[in-house]
Colleague: 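What follows is a structure written as structure tokens; I'll ask about it next.
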Amino acid sequence: MKKIKVFLVDDHAVVRMGLKYALSLFKDIEIAGELADGEGAAELVKRSGADVTLLDIRMPGKDGIAALGEILAADPSAKVVMLTTSSTEEDVYAALNAGAKGYVLKDRNPENIVKAVRTVAEGGAYIPNDIKAIYKARREEPELTSVEREAVGLLVQGFNNKAMAAKLGISEDGVKVRLKHAYEKLGVNDRASAISIAIRRGIARPAGVM
């Protein structure tokens, strides 16, 4: 029986330990390697000959979305399943758009992880219906430009218009224009609603939150 070689990328040692134990219970799966950060993942995954990579999104240093892009750039045929606690619209949208073949939340039954690994190893995709719904909803929403996203990010971090203008090197009127356009795309009319939507969608996170 040919075993499915799985590479783990997650910054939490306890999570990696639990995954290794859980996956070891299945005779058709073996661990090809592990890494605690997205930095260097592309090279190590390719060198390991892994059939499937389980990749976290929220990691210090290089996050999973950036690592995913590098893994697929190094080997376009690589099969990656995002295994994460995050179901925010932006993370789901970014991961699937970048080429992830699967998306599994860590709080699901371990058998779902195994099913995802097997499905993706066989050339399929493993995207649960709730994740598909999140992706579909996000795909239908207008895109924020990079400058609008930057302004919303500062808003979430607690910057007022004056501080935002100083940070961005533009006038306060310029800040107001960027926020006005961002509000229209987010479907809100005020700062509090914009902050709430931005955090929910994963567009930006409050200061100190990874």
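Please read all numbers here as calculations on a predicted model, not as lab measurements. Positions are given from 1 along the sequence.
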Colleague: Decide if atom NZ of Lys46 counts as having more than 12 heavy atoms of other residues, nucleotides or ligands within a radius under 6.0 Å.
Modeller: no

Colleague: Is there a side-chain contact between Thr88 and Arg201, using heavy atoms and a 4.5 Å cut-off?
Modeller: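 The answer is no; the side chains never approach within 4.5 Å.
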
Colleague: Between Ile65 and Val92, is there shared hydrophobic-cluster membership here, with clusters defined by ILVMFWY side-chain heavy atoms closer than 4.5 Å?
Modeller: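 Linked within one cluster.
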
Colleague: From Glu89 CD over to Arg200 CZ, what is the distance, rounded to the nearest 0.5 angstrom?
Modeller: 4.5 Å

Colleague: Check whether Ser196 reaches the backbone of Ser193 with its side chain - one donor and one acceptor, N or O, closer than 3.5 Å.
Modeller: no

Colleague: Could you tell me whether Arg58 and Asp63 have a side-chain N and a carboxylate O separated by less than 4.0 Å?
Modeller: no

Colleague: For Arg16 and Asp10, indicate whether the former's side chain and the latter's backbone hold a donor-acceptor pair under 3.5 Å.
Modeller: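 A pair under 3.5 Å: yes.
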
Colleague: On a heavy-atom basis, which atom in Ala204 and which in Val156 lie closest, and how many Å separate them?
Modeller: CB-CG2, 3.9 Å

Colleague: Do Leu25 and Val104 land in one hydrophobic cluster if side-chain heavy atoms of ILVMFWY residues count as linked below 4.5 Å?
Modeller: yes

Colleague: Looking at CG of Leu68 and CE of Met82, how far apart are the two atoms once the value is rounded to the nearest 0.5 Å?
Modeller: 5.5 Å

Colleague: For Leu83, which of Leu105, Val15, Leu19 qualifies under side chain to side chain contact (heavy atoms under 4.5 Å, CB included)?
Modeller: Leu19

Colleague: Where the side chain of Lys20 meets the backbone of Ile31, is there a donor-acceptor pair that is under 3.5 Å apart?
Modeller: no

Colleague: Roughly how far, to the nearest 0.5 Å, is CG of Asn129 from NZ of Lys136?
Modeller: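 Here the rounded value is 13.0 Å.
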
Colleague: Go through the side-chain N and O atoms of Arg191 and Asn161 and say whether any donor and acceptor fall under 3.5 Å apart.
Modeller: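 Side chains of Arg191 and Asn161: pair found under 3.5 Å.
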
Colleague: Quick one: pull up CD in Gln157 and CD1 in Ile195 and give me the separation to the nearest 0.5 Å.
Modeller: 10.5 Å

Colleague: With side chains defined as the heavy atoms from C-beta onward, is the minimum distance between His12 and Met59 less than 4.5 Å?
Modeller: no

Colleague: Is there a path of hydrophobic side-chain contacts, each under 4.5 Å between heavy atoms, that joins Ile170 and Val177?
Modeller: no

Colleague: Does atom NZ (Lys180) have a neighbourhood of more than 12 heavy atoms from anything else shown, all under 6.0 Å?
Modeller: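 Atom NZ in Lys180 is not packed in, count stays at 12 or less.
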
Colleague: List the atom of Pro128, the atom of Tyr103, and the distance in Å for their closest heavy-atom pair.
Modeller: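 Pro128 and Tyr103 have their closest heavy atoms at CD-O, 3.2 Å.
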
Colleague: Any side-chain heavy atom of Asp91 within less than 4.5 Å of one from Thr84?
Modeller: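 No - every pair of side-chain heavy atoms lies 4.5 Å or more apart.
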
Colleague: For Val52 and Val81, what are the C-alpha separation, side-chain angles and deciding distance, and is it a side chain to side chain contact (heavy atoms under 4.5 Å, CB included)?
Modeller: CA-CA 7 Å; Val52 177; Val81 174; 3.9 Å; yes

Colleague: Nearest heavy-atom pair of Val9 and Ala41: which atoms, and what distance?
Modeller: CG2-CB, 4.5 Å

Colleague: Only one of Arg118, Lys3, Lys2 passes side chain to side chain contact (heavy atoms under 4.5 Å, CB included) with Asp28; say which it is.
Modeller: Arg118

Colleague: Atom NZ of residue position Lys115 - does it have more than 12 heavy atoms of other residues, nucleotides or ligands inside 6.0 Å?
Modeller: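 For Lys115, atom NZ is not crowded (no more than 12 foreign heavy atoms under 6.0 Å).
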
Colleague: Looking at every non-hydrogen atom in both residues, tell me the closest pair between Leu96 and Ile131 and how far apart they are.
Modeller: CD1-CG2, 4.4 Å

Colleague: Just wondering, do Lys106 and Asp56 contact through their side chains at under 4.5 Å, heavy atoms?
Modeller: yes

Colleague: Would you say Val147 and Val188 are hydrophobically clustered, going by side-chain heavy atoms of ILVMFWY under 4.5 Å?
Modeller: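 No, separate clusters.
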
Colleague: Looking at Lys79 and Ala121, would you say the former's side chain and the latter's main chain have a donor-acceptor pair under 3.5 Å?
Modeller: yes

Colleague: Go through the steps to decide whether Ile29 and Val114 satisfy the test side chain to side chain contact (heavy atoms under 4.5 Å, CB included), and finish with yes or no.
Modeller: CA-CA 9 Å; Ile29 296 175; Val114 175; 3.9 Å; yes

Colleague: Under 4.5 Å between any side-chain heavy atoms of Tyr126 and Lys101, yes or no?
Modeller: no

Colleague: For the pair Thr53 (side chain) and Leu55 (backbone), establish whether a donor and an acceptor sit closer than 3.5 Å, ignoring hydrogens and angles.
Modeller: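 Flag not set: sc Thr53 to bb Leu55 has no pair under 3.5 Å.
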
Colleague: Under the side chain to side chain contact (heavy atoms under 4.5 Å, CB included) rule, what do Arg139 and Tyr93 come out as? Steps first, then yes or no, please.
Modeller: CA-CA 7 Å; Arg139 189 177 57 190; Tyr93 184 71; 4.1 Å; yes

Colleague: Taking the side chain as C-beta and beyond, is there a heavy-atom pair between Asp190 and Tyr183 under 4.5 Å?
Modeller: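 The answer is no, as the side chains (C-beta and beyond) never meet within the 4.5 Å cut-off.
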
Colleague: For Thr145, does its backbone N or O pair with a side-chain atom of Glu148 as donor and acceptor, under 3.5 Å?
Modeller: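 It does hold such a pair.
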
Colleague: Of the non-hydrogen atoms in Pro60 and Asp11, which two are nearest, and what is the gap between them?
Modeller: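 What the structure gives for the nearest pair is CD-OD2, 3.4 Å.
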
Colleague: Side-chain donor-acceptor pair under 3.5 Å between Asp75 and Ser77, yes or no?
Modeller: yes

Colleague: Drop me the distance from Phe7's CZ to Leu54's CG, to the nearest 0.5 angstrom.
Modeller: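 Atom-to-atom, Phe7:CZ and Leu54:CG are 11.0 Å apart.
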
Colleague: Is a donor on one side and an acceptor on the other found under 3.5 Å between the side chain of Thr119 and the backbone of Ala116?
Modeller: no

Colleague: What are the two closest non-hydrogen atoms of Ala194 and Leu155, and how far apart are they?
Modeller: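 Distance-wise, the nearest heavy atoms are CB-CD2, 4.0 Å.
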
Colleague: Could you tell me whether the side chain of Lys176 reaches within less than 4.5 Å of the side chain of His181, counting heavy atoms only?
Modeller: no

Colleague: Tell me, do Glu172 and Met164 make a side-chain contact under 4.5 Å, heavy atoms counted?
Modeller: no

Colleague: Is it true that Arg108 and Asp130 have a side-chain N and a carboxylate O under 4.0 angstrom from each other?
Modeller: yes

Colleague: Do Asp51 side-chain atoms and Lys5 backbone N/O form a donor-acceptor pair below 3.5 Å?
Modeller: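 Yes; at least one donor-acceptor contact below 3.5 Å.
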
Colleague: Using side chain to side chain contact (heavy atoms under 4.5 Å, CB included), reason through Glu143 and Lys185 one step at a time and then give a plain yes or no.
Modeller: CA-CA 7 Å; Glu143 289 279 0; Lys185 291 179 180 179; 5.8 Å; no

Colleague: Do Ile71 and Val120 belong together in a cluster built from hydrophobic side chains that touch within less than 4.5 Å?
Modeller: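 No, Ile71 does not connect to Val120 through the hydrophobic network.
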
